[in-house]
J.: 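I am attaching a structure below and will ask some questions about it afterwards.
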Amino acid sequence: MTVPTFPPGFLWGASASAFQTEGAADTDGKGPSGWDAFAARGRIKDGADTTRGTGFHERYREDVTLLAGLGADAFRFSVSWPRVVPGGRGPVNAAGLDFYDRLVDELCAHGITPAPTLYHWDTPLPLDEAGGWLNRDTAYRFAEYAGIVAERLADRVPMWITINEPAEVTMLGYALGEHAPGRTLLFDALPAAHHQLLAHGLGVRALRAAGAANIGIAVSHTPVWTAGESEEDRLGAGLYDTLTNWMFADPVLTGRYPDEGVAALMPGPVEDDLRTISAPLDWYGVNYYSPTLVGAPRAADALDSFSGFTMPAELPFGIREIEGYEKTDFGWPVVPDGLRETLVQLRDRYGDRLPPLYITENGCAVDEAVADTRRIAFLEGHLGALREAIDEGVDVRGYFTWSLTDNIEWTEGAGKRFGLVHIDYETLRRTPKESYAWYRDVIRSQKANGSAD
Ligand code: FCB
């Protein structure tokens with residue numbers, strides 16, 4: 001085993017989300033989400049049956065048993081908003097809340113900390129139809145729903161996540177149309193960023209009011225590397241860095257947008273909202289997959305780090321392929337040191353304002369059914385880089401790998417496999433991969449070395 005020892009109390013976990021696993025798309029009163037509608041419009045590339053997912057809604061006990069076998073300290077799952085509030089506003093679906101109540105009890109019975117994310121992209125369809133995150137009202141509806149979930153679960157849930165990756169929702173869902181709700185607004189998508197941030201801030205307030213503590217957010221971070229040496233390359237990379245990293249992290253951690261130009265494009269009483277958005281957090285979650293190489297725009301730029309689709313030529317930056325590194329099945333370069341780079345960047349940028357960090361997602365898509373040696377190498381490399389960041393003084397308290405099982409990778413469907421556990425999509429049979437046994441042994445040896453209790 002070549003994974004270094006982590007500090008005492010370090011939390012070892014795995015992540016997942018509702019739309020990607022639950023299935024049961026209209027079971028027990030669940031309403032449709034924007035993603036259900038997007039899938040029904042044929043937007044999942046391989047036509048995977050997202051109404052079935054991995055069958056988690058029915059088989060969650062089996063998956064909790066797998067988590068227990070792993071020796072995991074914590075499980076990051078998401079609550080499906082339209083399962084709890086099918087209309088996005090108004091009546092609560094008791095059967096939906098009951099499901100999460102059972103899941104939380106099952107986790108607790110196995111000594112596993114439940115760490116729910118309240119929004120992992122499945123907006124109730126009626127809210128999407130009313131403009132989704134372009135509509136300020138959605139932020140208030142989110143806060144209401146967050147309070148409802150906390151009222152029910154805060155007595156047993158010791159760790160909360162408001163929103164997952166507002167940058168991807170903004171960029172892929174509203175600017176480029178690759179994700180639900182499929183809008184192609186380019187820079188007119190920016191209000192979707194602001195309203196998600198507002199939802200986060202209002203959500204924190206609602207969670208605390210309902211008795212929840214230990215609240216964080218899961219933000220994607222990518223070190224932006226500049227391609228080329230021209231002024232245009234530098235400007236392109238800088239703008240991309242602002243839009244993808246700091247436009248989300250700065251408001252949450254400092255109460256400001258990273259530049260005046262961005263702030264000026266945001267809707268509503270921005271200054272007041274920023275006070276809400278920057279409500280103190282107990283911790284900050286980082287999702288890391290790879291760096292991004294960015295320069296001046298070129299005629300046809302492929303957004304290589306996200307499934308290879310073409311970037312509209314009118315954008316003022318272009319994304320290039322990162323050469324010289326191994327690639328995952330998504331085409332994402334494997335750069336463990338990018339995780340260290342990102343964490344050190346966060347510490348340097350925010351200093352004392354940075355709360356303790358958790359890695360809320362990190363993993364890779366590799367199509368190796370059970371003998372997934374590439375995943376083991378990926379995880380080993382990233383845990384090494386993470387330990388280096390800790391040695392450099394970054395306060396990281398835990399690591400959640402993405403993902404416990406294979407699952408529906410959004411627009412890509414079932415073909416991109418991120419799991420420690422293989423899913424046979426015909427039978428929904430679960431088979432632990434070699435990486436599962438490897439991660440179990442890592443956790444075991446960490447505990448034997450006294451890194452966790
Ligand atoms: C992240 C998402 C997560 C999963 C991974 C691979 O952007 O948060 O749901 O799809 O990518």
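Each residue takes its place number in the sequence, starting with 1. Just follow the structure's listing: the first ligand is 1, and inside any ligand the first atom is 1.
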J.: Indicate yes or no: does an N/O atom of Glu409 lie under 3.5 Å from an N/O atom of ligand 1?
T.: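 Among all N and O atoms of Glu409, at least one is under 3.5 Å from an N or O of ligand 1.
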J.: Does the pair Arg152/Asp98 count as a salt bridge with the N-to-O cut at 4.0 Å?
T.: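 Salt bridge present between Arg152 and Asp98.
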J.: List ligand 1 atoms under 4.0 Å from His120, heavy atoms only on the residue side.
T.: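 Listed by number with element, the hits are 2 (C), 3 (C), 8 (O), 9 (O).
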J.: Look at the aromatic rings of His221 and Tyr284 and report parallel, tilted or perpendicular, splitting at 30° and 60°.
T.: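 Ring orientation of His221 relative to Tyr284: tilted.
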J.: Quick check: does Asn164 get an N/O under 3.5 Å from an N/O on ligand 1?
T.: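 N/O-N/O distance under 3.5 Å: yes.
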J.: Could you go through the ring pair (Phe, Tyr, Trp, His ring centres under 6.0 Å) check for Phe400 and Trp402 one step at a time?
T.: CA-CA 7 Å; Phe400 291 82; Trp402 183 274; over 10 Å; no
J.: Using a strict cut-off of 4.0 Å, indicate which atoms of ligand 1 neighbour a heavy atom of Phe418.
T.: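 Counting atoms of ligand 1 from 1, those under 4.0 Å from Phe418 are 6 (C).
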J.: Could you establish whether Tyr289 and ligand 1 come within less than 4.0 Å of each other, counting only heavy atoms on the residue side?
T.: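 Yes, Tyr289 has heavy atoms under 4.0 Å from ligand 1.
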J.: Looking at ligand 1, does any of its N/O atoms fall within less than 3.5 Å of an N/O of Trp121?
T.: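 There is no such contact.
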J.: Quick one: which of His179, Glu168, Glu165, Lys416 has a heavy atom closest to atom 7 (O) of ligand 1?
T.: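 Heavy atom nearest to atom 7 (O) of ligand 1 belongs to Glu165.
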J.: Apply ring pair (Phe, Tyr, Trp, His ring centres under 6.0 Å) to Tyr288 and His382, showing your working.
T.: CA-CA 10 Å; Tyr288 170 77; His382 285 76; 5.8 Å; yes
J.: Parallel, tilted or perpendicular for Phe77 and Tyr100, by the 30°/60° rule?
T.: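 Parallel: the ring planes of Phe77 and Tyr100 meet at under 30°.
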J.: Which ligand 1 atoms does Trp410 reach within 4.0 Å, using its non-hydrogen atoms?
T.: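 Taking each heavy atom of Trp410 in turn, ligand 1 has 3 (C), 4 (C), 9 (O), 10 (O) under 4.0 Å.
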J.: Can you list the atoms of ligand 1 that are under 4.0 Å from a heavy atom of Trp402?
T.: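 In order of number, 3 (C), 4 (C), 5 (C), 6 (C), 9 (O).
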J.: Is the gap between the ring centers of Tyr119 and Trp133 under 6.0 Å?
T.: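 Yes - the distance between ring centres of Tyr119 and Trp133 falls below the 6.0 Å cut-off.
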J.: Do you know which of Asp63, Thr65, Thr405 makes side chain to side chain donor-acceptor pair (under 3.5 Å) with Arg430?
T.: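 Exactly one pass, corresponding to Asp63.
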J.: Does Trp332, backbone or side chain, put an N or O under 3.5 Å from an N or O of ligand 1?
T.: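 No, Trp332 has no N/O under 3.5 Å of an N/O on ligand 1.
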